[in-house]
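Whatever order the structure lists ligands and atoms in, that order sets their numbers, starting from 1.
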Amino acid sequence: MKLSEIDATLREIRVSPVKTLGQNFLHDRNLARWIVAKAELTPEDYIIEIGPGLGALTEFALDSGARVLAIEKDRRLAEFLRKRFTSERLEILHADALYYDLRRLFAQPRVKVIGNLPYYISSQLLLKFTKYPSPISLWLFMLQKEMARRISALPGTSDYGALTLIIQLRYRVEYLRTVPSSVFLPRPDVDSAFVRIIPREPDELPENDPETFFRLVRRGFSQRRKQLRNLLREEIPDWAGTAVAVGFDARARAEELTLQQWIALSRRAPSGAPAAEVSTAAERFSVVDDQDQVLGDAPRDEVHGNNSRHRAVHILIFNATGELFLQKRSRWKDRHPLLWDSSAAGHVNAGEDYDSAANRELEEELGIRAELSRVAKLPASEKTGQEFIWLYRAQHEGPFQLAASEIELGEFFPPDVVSEWIKARPADFAPGFVECWKVVEAAI
Ligand code: SAM
């Protein structure tokens, strides 16, 4: 929309822009087109637009053939958008984007997020929509220039701070261009800037414990002018040795360390040592025939190497609202690293029965005991990796003590999201879980 059209529309729908909702409407169509082009949208994309306003970006997002979910907090604008756009590919949600349930996005094959964000909550929206793990592959945000500079900053600059590192640990941030306040009606008090954010590859940076990393970074930047050695004394007792090993000056301040050095530092804090790979060399499993009768036992590698039939258990934990707890397997796993899997799962050891294995796995992986009920037994097949699987279920609300060497993280998901997610992104899941879920779906 041109400036005159925005003006006329606002008068027609009797809306005067609300400052507390960050309502500054973009009237530069060329810029709007340029912004949306940066998202390289295709008809396969599912777009979340935060704060569509009068639809400046929505118009071009729809032109790409993509499906768009536009989340607008102002009811009057949501109603206007419903009249302005009649495309079946557009869903307008009159809601606060801060409360949007991001888990639903896993059910979409490819998700991108765009928005000229309302500046009064831009950092909350940024942190919420970049929460890890995320099914989103690209974020394109208009932010206050200062915020854009902070999240894309390089070490040694005054913009470089805790927020920079918190975002950059997971994401690459590109500062695309500065945008003058004159392209908005009304003009905001500050200039804006446009950033593109993309996720890092899982193995792009050294393994680290994010909690420890965030804690050290927050503490390190809590007093920017102080030397780090005075702020992190408790976390890193051998400061001088660490500085030499990681390659920074022992008198450095927080802003002097690169992201890689912050990671190296966090790995040297006692709580930040990466979970060690668990040795599976000594494990022995029963080898069974096609009727699940024990033939003998053999070391784990031999069983897998020979593709012999063996036994496993999967446990699905549901909470009181019927959501399923999925675990994301650790990157250290020799099989299916970083894929989503049953709440807990594992092999039945030689000499062990199914029920004992299920109770043991629950304690080892999630740190809980629960009353297990048997759901079904799945036959050994190629799809299960030649495992006979007894599938169990239990109810538990968490929290869980996740075994770091086995599990990267875990989260409860509504069952319909799980089913749609498997359809949309089957490669995200360990195959054994997919087989188990088919059994559960058939029973629902
Ligand atoms: N995208 C439009 C444009 O470029 O012209 C409008 C951008 S304006 C900076 C921010 C928009 O976000 C406004 O339409 C405002 O009503 C909306 N908004 C504010 N807070 C919101 C929230 N919590 N959730 C969703 N939308 C919100």
Which atom pair, heavy atoms only, marks the closest approach of E256 to Q261? O-OE1, 4.0 Å
Checking R76 against E79 for the salt bridge (charged side-chain N to carboxylate O under 4.0 Å, His left out) test, could you report, in this order, the C-alpha distance in whole Å, the side-chain angles of both residues, the deciding distance, and whether it holds? CA-CA 5 Å; R76 301 162 309 169; E79 278 169 10; over 6 Å; no
Between V375, L372, L362, which is the residue that forms a side chain to side chain contact (heavy atoms under 4.5 Å, CB included) with Y392? L372
Within the distance-only criterion (no hydrogens, no angle test), does the side chain of N24 pair as donor or acceptor with the backbone N or O of P186 below 3.5 angstrom? yes
Which is closest to atom 14 (O) of ligand 1 by heavy-atom distance: H94, E72, R76? E72
Using a strict 4.0 Å cut-off to heavy atoms of I71, name the atoms of ligand 1 that fall inside it. 25 (C), 26 (N)
Checking R110 against T42: is there a side-chain donor and acceptor pair closer than 3.5 Å? yes
In the protein, what heavy atom is nearest to atom 2 (C) of ligand 1, and what distance, to one decimal place, separates them? P52 O, 3.2 Å
Considering only protein heavy atoms, which is closest to atom 7 (C) of ligand 1, and at what distance to one decimal place? N116 O, 3.4 Å
Which of these, G51, A32, G22, A56, has its nearest heavy atom closest to atom 12 (O) of ligand 1? G51
Closest protein heavy atom to atom 23 (N) of ligand 1, given as residue, atom name and distance to 0.1 Å: D96 OD1, 2.8 Å
Near A95 (heavy-atom distance under 4.0 Å), the atoms of ligand 1 are 24 (N), 25 (C)
Between T9, L77, N116, which is the residue that forms a side chain to side chain contact (heavy atoms under 4.5 Å, CB included) with F25? L77
Interfacing atoms of ligand 1 (cut-off 4.0 Å, heavy-atom, L26): 3 (C), 4 (O), 5 (O)
Tell me, which protein residue and heavy-atom name are nearest atom 19 (C) of ligand 1, and how many Å apart are they? L21 O, 3.1 Å
For atom 20 (N) of ligand 1, which protein heavy atom lies nearest, and how many Å away is it? Y120 OH, 2.8 Å
More than 12 heavy atoms of other residues, nucleotides or ligands under 6.0 Å from CZ of R369: yes or no? no
With under 30° as parallel and over 60° as perpendicular, where do the rings of Y100 and F129 fit, or are they tilted in between? parallel
Nearest protein heavy atom with distance in Å, relative to atom 21 (C) of ligand 1: K73 CB, 3.6 Å
Below 4.0 Å from ligand 1: does a non-hydrogen atom of L98 turn up there or not? no
Can you tell me if G55 has a non-hydrogen atom under 4.0 Å from ligand 1? no
What do you reckon, are the aromatic ring centroids of W437 and F429 less than 6.0 Å apart? no
Using the ring of W340 (Phe, Tyr or Trp, six-membered ring only), decide whether R425 places NZ or CZ under 6.0 Å from its centre and within 45 degrees of its axis. no
Using a strict 4.0 Å cut-off to heavy atoms of Q23, name the atoms of ligand 1 that fall inside it. 13 (C), 15 (C), 16 (O)
Are any of the N/O atoms on D74, whether in the backbone or the side chain, positioned under 3.5 angstrom from an N/O atom of ligand 1? no
Considering both backbone and side-chain atoms of A97, is one of its nitrogen or oxygen atoms within less than 3.5 Å of a nitrogen or oxygen in ligand 1? yes
Between I6 and M1, what is the shortest heavy-atom contact and its length? CG1-CB, 3.6 Å
Tell me whether N24 reaches ligand 1 (any heavy atom closer than 4.0 angstrom to a ligand atom). yes
Contact check, E49 vs ligand 1, heavy-atom distance below 4.0 Å: yes
Can you list the ligand 1 atoms lying under 4.0 Å from a non-hydrogen atom of L77? 14 (O), 16 (O)
Which bit of I121 is near ligand 1, meaning a heavy atom under 4.0 Å away: side chain, backbone, both or neither? side chain
List the steps, then state whether side chain to side chain donor-acceptor pair (under 3.5 Å) holds for H347 with E387. CA-CA 9 Å; H347 290 105; E387 288 169 351; 3.0 Å; yes
